[in-house]
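Remarks on the structure that follows.
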Amino acid sequence: MSEREKPIEPAQVNAWLSDNLANWKLEDGWVRRTYKTTSWKSTLMVINTVGHLAEAAWHHPDITASYAWVEVRLMTHSAKGITMKDLELAKKIEEVVAWQPGLEGGALEGTPQSDQRFSYIKYD
């Protein structure tokens with residue numbers, strides 16, 4: 001088994017998540033996060049974003065979705081547990097899906113949250 005597929009102890013996973021991804025939790029053997037969206041269109045955009053990142057990483061999460069939410073679950077099946085593959089992909093997903101360019105002070109203003117016609121993610 002390669003180092004990247006070595007299972008990580010639950011206490012270490014929880015510590016890593018606490019330090020790096022506060023909105024992700026270790027539950028029932030999965031690292032998981034639910035993104036709240038504002039509409040079906042937003043839900044599909046999140047699913048497609050996660051799908052793109054997963055395919056690029058060649059590590060695929062389980063996804064469950066409804067009208068206004070998407071749950072992403074990661075576990076390395078071949079390792080029968082959580083590995084760095086899961087944590088690194090979770091971090092990349094969080095960086096992209098939760099990105100709010102308007103908070104960075106640059107030229108990109110970000111999606112208007114005050115107008116439901118354009119609202120996208122319900123940020124934590």
Side-chain angles (χ1 to χ4, degrees):
M1 179 181 303
S2 71
E3 190 63 29
R4 67 179 172 224
E5 289 203 7
K6 183 180 176 188
I8 302 169
E9 293 296 321
Q12 292 174 296
V13 172
N14 282 322
W16 193 94
L17 292 172
S18 178
D19 290 345
N20 296 282
L21 295 171
N23 293 314
W24 289 73
K25 304 297 177 212
L26 176 63
E27 294 176 348
D28 301 322
W30 297 84
V31 175
R32 53 177 80 212
R33 163 88 150 103
T34 299
Y35 292 97
K36 295 178 182 169
T37 61
T38 58
S39 68
W40 180 242
K41 177 177 76 173
S42 299
T43 295
L44 292 176
M45 290 171 67
V46 170
I47 291 169
N48 286 326
T49 299
V50 171
H52 167 74
L53 295 171
E55 192 63 18
W58 199 244
H59 188 58
H60 304 94
D62 283 25
I63 299 173
T64 305
S66 189
Y67 175 80
W69 58 268
V70 176
E71 182 186 52
V72 180
R73 293 180 310 283
L74 290 156
M75 182 205 13
T76 303
H77 298 283
S78 59
K80 298 180 176 70
I82 305 302
T83 69
M84 282 310 296
K85 286 181 171 184
D86 303 302
L87 300 178
E88 289 179 16
L89 182 54
K91 189 171 184 179
K92 182 54 68 177
I93 290 168
E94 187 70 15
E95 288 170 2
V96 175
V97 173
W99 180 43
Q100 296 181 64
L103 299 180
E104 295 176 351
L108 299 172
E109 59 193 73
T111 308
Q113 291 297 303
S114 59
D115 188 331
Q116 286 299 310
R117 294 175 301 160
F118 307 114
S119 176
Y120 173 48
I121 299 287
K122 294 183 179 178
Y123 297 103
D124 297 320

Could you verify whether a donor N or O on one side chain and an acceptor N or O on the other, from Ser42 and Thr37, lie under 3.5 Å apart?
no
For residues Trp99 and Glu94, is any side-chain donor paired with an opposing acceptor at under 3.5 Å?
no
Closest non-hydrogen atom pair, [X] against [Y]:
| X | Y | result |
| --- | --- | --- |
| Asp86 | His59 | OD1-NE2, 2.6 Å |
| Ala65 | Thr43 | CB-CG2, 3.9 Å |
| Leu74 | Trp24 | CD1-CZ3, 3.9 Å |
| Ala57 | Leu89 | CB-CD1, 4.1 Å |
| Lys25 | Leu17 | C-CD1, 3.9 Å |
| Leu53 | Ile93 | CD1-CA, 3.8 Å |

Determine, step by step, whether Met75 and Arg73 satisfy the side-chain contact (heavy atoms from CB on, under 4.5 Å) criterion, reporting the C-alpha distance in whole Å, the side-chain angles of both residues, the deciding distance to 0.1 Å, and the verdict.
CA-CA 7 Å; Met75 182 205 13; Arg73 293 180 310 283; over 6 Å; no
Using a 3.5 Å distance criterion without hydrogens, assess whether the side chain of [X] forms a donor-acceptor pair with backbone atoms of [Y].
| X | Y | value |
| --- | --- | --- |
| Asn48 | Met45 | no |
| Thr111 | Ser119 | no |
| Thr64 | Glu71 | no |
| Thr34 | Val70 | no |
| Thr76 | Ser78 | no |

Where at least one partner belongs to residues 114-124, residue pairs that pass salt bridge (Lys or Arg N to Asp or Glu O under 4.0 Å), sequence neighbours excluded:
Arg33-Asp124, Asp115-Arg117
For Lys91, side-chain contact (heavy atoms from CB on, under 4.5 Å) partners two or more places apart
Trp16, Asn20, Leu21, Glu95
Using the side-chain contact (heavy atoms from CB on, under 4.5 Å) definition, which of the options Asn23, Val72, Ile47 pairs with Tyr35?
Val72
If you round to the nearest 0.5 Å, how far is [atom2] of [Y] from [atom1] of [X]?
| X | Y | atom1 | atom2 | value |
| --- | --- | --- | --- | --- |
| Lys36 | Tyr123 | NZ | OH | 15.0 Å |
| Lys41 | Tyr67 | NZ | OH | 10.0 Å |
| Leu26 | Leu87 | CG | CG | 9.0 Å |

Set out, in order, the CA-CA distance, both residues' side-chain angles and the distance that settles side-chain contact (heavy atoms from CB on, under 4.5 Å) for Met84 and Ile8, then state yes or no.
CA-CA 8 Å; Met84 282 310 296; Ile8 302 169; 3.7 Å; yes
Assess whether side-chain contact (heavy atoms from CB on, under 4.5 Å) is satisfied between Val96 and Lys92, documenting all intermediate values.
CA-CA 6 Å; Val96 175; Lys92 182 54 68 177; 4.1 Å; yes
Ring pair (Phe, Tyr, Trp, His ring centres under 6.0 Å) partners for His60, two or more places apart
Trp58
Please check if the number of heavy atoms outside Glu109 that lie under 6.0 Å from its CD is greater than 12.
no
What verdict does the side-chain contact (heavy atoms from CB on, under 4.5 Å) test give for Val13 and Val31, after you've listed the backbone C-alpha separation in whole Å, the side-chain angles of each residue and the deciding distance to 0.1 Å?
CA-CA 9 Å; Val13 172; Val31 175; 4.1 Å; yes
